[in-house]
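Below is one structure, written out as structure tokens; the observations come after it.
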Amino acid sequence: MDEKQRIWNAVLGEIELNISKPQFNTWIKNTYPIHLDNKEIVVSVSSTFTKDWLLNKFNSDILKSIQKITGQALFVRYVVQGVVKKNESSSVDNSNERKESNSIKSVIDLKSKKIEQKAINNIPQNNYSYNSNFNQSQNVIIPNQNSNALIRSNYTFDNFIVGPSNELAYAAAKSVAQNPGTLYNPLFIYGGVGLGKTHLIQSIANSVMSQGKSVLYVTSDEFISDLMKSIGGKTMDSFKRRYRVVDLLIIDDIQFIQGKEGTQQEVFNTFNELYGHNKQIIFTSDRPPSAIQQLSDRLKSRFEGGMIVDVTTPEFETRVAILKNKCVQKNFNIDDSILHVIADKVRSNVRELEGALNKIIARVQLLNIEITPDLVDKLIEGARVHTQRSISEQSIIDTVCEHFGIKKEDIMSKNRKKAISYARQIIMFLLREELKLSFPNIGQSLGGRDHSTVMHAYNKVSKDFKKDSPTQQDVNLIKNKLYNEI
Ligand code: ADP
Ligand code: MG
């Protein structure tokens, strides 16, 4: 390994410690050093977003680790996509100059894999074969009116407040809206409920539609029911035309295709067709592809082949900014100090935040009273007690089963399959953490298990509950559902 690679690897190692894995894989992994001299290190990055992000967020960390390794204060310069401008090339290694960025390479790799896969898929899986031709004018699509009616015109980038919890997703979404079907394909956005996934992808839809391109937006439920109807009504040709001849296809909440093999097959075929024609595909999900159970490996690898970004819970400043923005939209004036109280009280997600604000506005307008921090407190606490009550032993068990796609009987049974044991352990953990039930009590509720088994499970999950671990992700997602779905 040469010197510049060694230095850059050390820098990456430091950054990796400070950000989540999807963020690292998406933004940082595909960077590589192309030149080093005694003044500077030149680093190729795959997009201007990565460049801005490194500069804004990590510049001082990066400079520090370089100094630590080399003992020198080197200047770092970023070059987008490894393409170096002519007048800069004198200071840059020519051998690497035309090297493709890793991200482009990975797209190409995926494409060649896709061709192999296509060969396999050409074995007819159903009774007809469909040969779409994007150049034929009869294939120009009129977007499905019903589905696109679900795209809300007020879900735009302008109305989306950006903060550390969503800036990567936002940047990726913007980039896709500007250049659909090019670098970030597919775009996969994941995160808990009410964190702005639908808002973001519909912003892309609105932007792409305004460029005169065809867009199809569906939730995975709609995709499934459309598919069922088309199979039943023998109208698969028109189904395929609808889904495969658009410039942008968005499937929201894709996690619901878990365990549905036929649907997965159709998503896979649709994906390949669109991808092969450089058409953009976007998915959202409440969890990363790796955490979607019963998902075929080939579809998982398609999801993972593009850009994966997450949205997380917004921090205080972002929550305040969102509230302010909503007030402006509603043309309603509330004092900042009141917005601070709301933002402090409601931390779980943006939907709840909006709900609390709406409730307060409604109350004020109805009763024509003045808003005070006390009133805000009461209204929000009232909502919270209601939410708390809805958490029960049963709702925990149901939510965990639904999350993992596992039957309740299996949880109660002696079945020791890995997936089932894991779900059972998470239930035990949550019953203890959220409801403070005793270990013997929990054992009793879950098919008469010994209290030591429950204790062991609780300790194991607690131990695995590290930052960004799959266990933490599962537990957070489940809690999010538990507390949001009353
Ligand atoms: P998800 O699809 O992740 O469940 P949504 O996109 O439906 O979440 O968001 C829930 C609500 O919160 C929507 O009304 C949306 O406009 C709003 N929202 C979420 N994030 C933001 C944000 N960053 N800025 C402004 N509004 C937001
Ligand atoms: Mg949504």
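Counting starts at 1 for both ligands and their atoms, following the listed order. In this text the structure is predicted, and so the values were computed from the model without any measurement.
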For [X] and [Y], take the angle between the two ring planes, folded into 0 to 90°, and tell me which bin it lands in: parallel under 30, tilted 30 to 60, perpendicular over 60.
X: F160; Y: H199; answer: perpendicular
X: F223; Y: Y243; answer: perpendicular
X: F188; Y: Y190; answer: tilted

Could you give the distance from OG1 (T263) to CD (Q258), rounded to the nearest 0.5 Å?
12.0 Å
Determine, for F268 and R298, whether the Lys NZ or Arg CZ falls below 6.0 Å from the six-membered ring centre while staying within 45 degrees of the axis.
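Yes.
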Exactly which residues line ligand 1, taking a heavy atom under 4.0 Å from it as the test?
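Heavy-atom contacts below 4.0 Å: Y155, N159, F160, I161, N166, G192, V193, G194, L195, G196, K197, T198, H199, I322, K326, V350, R351, E354.
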Measure from the Mg ion (ligand 2) to each N, O or S atom of T198 and report whether any distance is below 2.8 Å.
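For T198, the answer is yes, given that an N, O or S atom comes within less than 2.8 Å of the Mg ion (ligand 2).
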Nearest heavy-atom approach of V208 to A177 is CG2-O, 4.0 Å
